[in-house]
Undergrad: 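Please see the structure below; I have some questions.
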Amino acid sequence: MSASTHWLATAAAQAVLERGGNAFDAATAGAFVLHVVEPHLNGPGGDMTGVFVTAEEPGTPVVLMGQGPAPAGATVEHYLAEGLDLVPGSGALAAAVPAAVDAWLLLLRDHGTWELGDVLEFAIGYARDGHPMLGRVGTTIAAVAELFQTHWPTSAELWMPGGRMLAEGELVRNPAYARTLQRLVDAGAAGPVTVASPIGSSGKTAGAESGARGSSREARIDAARREWREGFVAKAMVESVQAPHRHSSGTDHRGVLAMEDLAGFEAGYEAAATVEFRGHTIAKTGPWGQGPALLQTLAILEGFDDRYLDPSTELGAHTILEAQKLALADREAYYGDTEVPLEYLLSAEYCAGRRALIGERASHEFRPGTVPGYEPYLPPLRTQYTPPALAGEGSGSAGAAGLGVGEPTVAPSGETRGDTCHIDVVDRWGNMVSATPSGGWLQSSPAIPELGFCLGTRLQMTWLERDTPSTLTPGKRPRTTLTPTLVLRDGRAVTALGSPGGDQQDQWQLPYLLRTIVGGYSPQQAVDAPTFHTTSMPGSFWPRTWEPGGAVVEDRLGEDVIAGLERRGHVVTRAGGWTLGRLSAVVRDPSTGVLQAAANPRGAQGYAAGR
């Protein structure tokens with residue numbers, strides 16, 4: 001089964017499975033298609049995180065770490081000297097070391113079975129020959145058209161050919177990116193092809209006969225990775241940041257990405273962070289991502305009776321929102337690529353104390369917990385922000401009103417909140433992967449003409465204040481919002497799921513987990529059900545504002561429930577009927593081998609497939 005946020009990515013992944021590939025071949029193929037068909041939500045210059053299990057070790061969740069660090073030149077001193085008080089939300093100064101491509105190729109090398117050229121064939125074809133333009137892509141381009149035409153001419157040339165807006169459904173092509181992918185394939189094609197023996201029960205090749213010069217599938221993929229990190233791709237990325245260009249700050253700056261940054265980074269694997277909830281193990285990234293905030297929320301909710309855990313009721317929605325606020329406050333206070341007291345934050349004793357703070361009324365306070373030996377970081381609590389360079393111009397202000405209501409939210413200056421894509425795959429052998437690719441969207445920074453993509457903006461999730469858990473620091477990863485999920489039961493993986501949505505990703509996954517684990521919903525019923533989230537925490541995206549007591553809800557939650565939340569003091573924003581979340585999921589019953597999948601109907605874009 002395959003499920004993703006775009007039907008063409010699902011189709012590509014499913015085609016790989018139908019032709020004998022395993023889940024890792026399929027997910028990689030689908031992910032590169034997502035770069036092409038959802039360019040406003042992710043790109044090769046961005047990042048990704050994944051969590052997976054193999055058929056050989058179905059009870060051991062592994063995190064695929066594709067979050068690049070800050071470049072060596074990305075120091076607080078440099079950014080302050082540039083006149084900035086926040087890392088911008090668009091422009092090359094916001095770029096971490098691109099990591100998505102290296103992470104996908106690493107996964108393919110170690111756990112896939114297909115040759116790189118066969119995996120990338122789908123994305124190369126759509127980039128070269130065209131694919132139907134999404135309406136949301138056109139809307140995004142229209143929002144930043146003036147920026148492109150005035151300040152980012154390379155982006156205008158790529159996304160507004162001949163100065164015109166492409167229409168929804170019109171074939172859009174990116175031949176430069178097609179050539180980039182083909183050159184990566186060619187980088188590993190110099191040696192003779194290895195002949196693989198038949199695929200075994202896990203979907204891994206049982207063995208391989210090397211060619212005359214000892215070439216192997218793994219070596220060819222590594223050659224492509226080196227070309228990405230040290231060859232023509234790296235050179236073009238570094239050259240592209242040398243010219244000053246407009247950032248979301250309203251000022252022009254050069255980037256700081258260097259060849260040494262790219263050559264020195266490799267994606268990798270990490271152990272997953274986990275928590276037990278109602279007989280299930282929930283696996284997430286470590287606290288360099290926001291994933292453990294979902295684990296904290298579940299640990300807080302674990303102590304409530306089931307009637308408090310129904311997202312469709314006033315009591316349930318209120319309890320869930322209040323638990324999320326507490327976990328997200330701890331995210332801001334303690335999380336980052338640093339020493340984080342996660343064991344303590346997930347402990348039953350600590351979470352019991354946090355649970356006791358949940359009352360009948362909505363809290364409008366920022367309430368991180370107390371951890372012995374740690375000083376919680378209290379971030380600036382801005383309800384609105386205007387960059388100094390734009391003060392007095394009547395434009396460029398960014399308040400909290402409506403923050404995170406839609407997905408995505410794109411401002412004329414290019415900053416984006418609520419971005420991202422997602423893909424889940426499970427194969428016949430029990431390999432299962434959940435992955436959230438993001439960053440490097442077309443409105444991030446000026447397009448690199450010879451590559452067909454631009455750099456990402458993940459550094460906006462760091463602070464320029466010193467001595468915080470996520471202060472901008474060379475070599476350290478920004479605290480990413482990317483947060484795929486794997487669910488295990490009785491020591492075996494049963495569900496892979498995730499969603500786009502920035503700060504809302506785990507908030508939209510939580511009702512799915514509660515509805516399926518506690519409420520007995522089917523996967524598709526849980527995806528379809530109305531959802532909500534809180535904005536009562538500092539946003540991870542520029543300009544890092546918050547809305548005290550804010551709650552965004554789908555109207556389908558019901559008038560009685562919404563009115564009840566307002567009586568309890570929640571500052572409710574109605575987002576429409578089908579607007580929040582783009583969840584997808586795949587499910588496997590280990591006892592029967594029966595597979596299920598679910599995709600989100602919102603936006604008529606996600607798709608699930610299988611047989």
Side-chain angles (χ1 to χ4, degrees), residues 43-49 65-103 228-230 233-267 288-289 335-338 377 379-380 387 389 414-416 438-441 444-446 448 454-482 540-544:
D47 28 53
M48 66 82 67
T49 62
M65 196 289 293
Q67 177 56 65
T75 65
V76 169
E77 293 78 10
H78 178 75
Y79 285 56
L80 294 178
E82 292 283 305
L84 301 169
D85 57 356
L86 285 171
V87 177
S90 66
L93 274 181
V97 176
V101 167
D102 193 60
W228 173 270
R229 297 197 306 264
E230 303 174 24
V233 178
K235 293 174 184 176
M237 287 193 286
V238 169
E239 183 178 345
S240 74
V241 306
Q242 302 306 312
H245 55 275
R246 184 55 48 92
H247 286 55
S248 62
S249 57
T251 48
D252 293 353
H253 308 274
R254 293 182 177 87
V256 294
L257 186 67
M259 290 294 292
E260 293 78 9
D261 300 314
L262 292 156
F265 171 79
E266 291 190 35
W288 50 267
Y335 287 19
D337 190 9
T338 185
Y377 171 58
E415 67 269 14
T416 304
S438 185
W441 43 81
S444 291
S445 57
I448 307 168
C454 61
L455 299 174
T457 59
R458 193 62 60 181
L459 292 187
Q460 67 182 291
M461 298 180 177
T462 62
W463 294 100
L464 297 182
E465 285 80 6
R466 303 180 192 279
D467 301 321
T468 84
S470 54
T471 295
L472 177 66
T473 307
K476 285 198 171 185
R477 294 166 292 186
R479 193 204 67 212
T480 182
T481 53
L482 307 182
S540 295
F541 292 86
W542 189 94
R544 311 302 294 268

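Position 1 is the first residue of the sequence; numbering continues from there. Treat the numbers as computed from the prediction; the structure is a model and nothing was measured.
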Undergrad: Looking only at heavy atoms, which two atoms of Pro478 and Gly68 are closest? And how far apart?
TA: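 Heavy-atom minimum between the residues: CD-O, 3.4 Å.
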Undergrad: Checking Glu465 against Val76 for the side chain to side chain contact (heavy atoms under 4.5 Å, CB included) test, could you report, in this order, the C-alpha distance in whole Å, the side-chain angles of both residues, the deciding distance, and whether it holds?
TA: CA-CA 8 Å; Glu465 285 80 6; Val76 169; over 6 Å; no
Undergrad: Could you note down all residue pairs passing ring-ring contact (aromatic ring centres under 6.0 Å, His included) where residues 69-93 supplies at least one of them, sequence neighbours left out?
TA: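 Every pair satisfying ring-ring contact (aromatic ring centres under 6.0 Å, His included) with a residue in residues 69-93: there are none.
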Undergrad: With side-chain hydrogen bond (donor to acceptor under 3.5 Å, both in side chains) as the test, would you mind laying out the steps for Thr473 and Thr471 before giving the verdict?
TA: CA-CA 6 Å; Thr473 307; Thr471 295; 5.6 Å; no
Undergrad: Using the rule given for side-chain hydrogen bond (donor to acceptor under 3.5 Å, both in side chains), can you reason through Thr457 versus Gln460, listing the C-alpha separation, both sets of side-chain angles and the distance that settles it, and then say yes or no?
TA: CA-CA 6 Å; Thr457 59; Gln460 67 182 291; 2.9 Å; yes
Undergrad: Could you tell me whether a side-chain N or O of Ser445 sits under 3.5 Å from a main-chain N or O of Leu455, the two making a donor and an acceptor?
TA: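 Yes, the answer is positive, given that a donor and an acceptor are paired below the 3.5 Å cut-off.
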Undergrad: With no hydrogens and no angle check, is any side-chain donor or acceptor of Arg246 less than 3.5 Å from a backbone partner on Ser90?
TA: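 No, the answer is negative, given that no donor and acceptor are paired below the 3.5 Å cut-off.
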Undergrad: Decide if atom CD of Glu239 counts as having more than 12 heavy atoms of other residues, nucleotides or ligands within a radius under 6.0 Å.
TA: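 At most 12 heavy atoms, drawn from other residues, nucleotides or ligands, come within 6.0 Å of this atom.
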Undergrad: Between Ala74 and Leu459, which heavy-atom pair has the shortest distance, and what is it?
TA: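 For Ala74 and Leu459, the tightest heavy-atom pair comes out as CB-CD1, 4.2 Å.
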Undergrad: Please assess Trp463 against Val87 for the test side chain to side chain contact (heavy atoms under 4.5 Å, CB included), listing each intermediate value before the final yes or no.
TA: CA-CA 7 Å; Trp463 294 100; Val87 177; over 6 Å; no
Undergrad: Answer yes or no: is there an ion pair linking Asp337 with Arg477, defined by an N-O contact shorter than 4.0 Å?
TA: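 A salt bridge is present here (some side-chain N lies under 4.0 Å from a carboxylate O).
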Undergrad: To the nearest 0.5 Å, what is the distance between CG on Asp85 and CZ on Arg544?
TA: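 Asp85 atom CG to Arg544 atom CZ measures 12.0 Å (nearest 0.5 Å).
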Undergrad: Of all heavy-atom pairs between Pro379 and Tyr377, which one has the smallest distance, and what is that distance?
TA: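 Closest pair (atom of Pro379, atom of Tyr377, distance): CD-O, 3.4 Å.
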Undergrad: Looking at Arg254 and Glu82, is any side-chain nitrogen of the basic one under 4.0 Å from a carboxylate oxygen of the acidic one?
TA: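 Result for this pair is no, no salt bridge flagged.
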Undergrad: Might you point out which heavy atoms bring Pro44 and Pro98 nearest each other, and give the distance in Å?
TA: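 Taking Pro44 first and Pro98 second, the nearest heavy atoms are O-CB, 4.3 Å.
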Undergrad: Find the distance between OG1 (Thr251) and NE2 (His245) and round it off to the nearest 0.5 Å.
TA: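 Between atom OG1 of Thr251 and atom NE2 of His245 there are 10.5 Å.
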Undergrad: For residues 255-263, which side-chain donor-acceptor pairs fall under 3.5 Å, sequence neighbours excluded?
TA:
from   : atom 1 : to     : atom 2 : distance (Å)
Asp261 : OD1    : Ala72  : N      : 2.9
Asp261 : OD2    : Ala258 : N      : 2.8

Undergrad: Measure from the side-chain N and O atoms of His247 to the backbone N and O of Leu93, and report whether any donor-acceptor pair falls under 3.5 Å.
TA: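 A pair under 3.5 Å: yes.
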Undergrad: Quick check against the 3.5 Å criterion: does Ser438 have a side-chain atom that pairs as donor or acceptor with the backbone of Asp47?
TA: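 Judged by distance alone, no pair lies under 3.5 Å.
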Undergrad: Take Leu84 and His253, measure what side chain to side chain contact (heavy atoms under 4.5 Å, CB included) needs, and give me the verdict at the end.
TA: CA-CA 10 Å; Leu84 301 169; His253 308 274; 3.8 Å; yes
Undergrad: Any heavy-atom pair between the side chains of Pro474 and Thr75 that's under 4.5 Å?
TA: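 Answer yes - side chains close enough.
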Undergrad: Identify the two heavy atoms, one from Gly440 and one from Cys454, that lie closest to each other, and give their separation to 0.1 Å.
TA: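 Here Gly440 and Cys454 meet closest at O-SG, 3.8 Å.
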Undergrad: Applying side chain to side chain contact (heavy atoms under 4.5 Å, CB included), name anything that partners Thr49, two or more places apart in sequence or on another chain.
TA: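 For Thr49 the side chain to side chain contact (heavy atoms under 4.5 Å, CB included) partners, ignoring immediate neighbours, are Thr285, Trp288, Thr480, Leu482, Pro484.
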Undergrad: So which atom in Ala99 and which in Phe265 form the shortest heavy-atom distance, rounded to 0.1 Å?
TA: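 Closest heavy-atom pair between Ala99 and Phe265: CB-CE2, 3.4 Å.
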Undergrad: Indicate yes or no: at least one non-hydrogen side-chain atom of Arg479 is less than 4.5 angstrom from one of Ser540.
TA: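 Yes. Closest side-chain heavy atoms under 4.5 Å.
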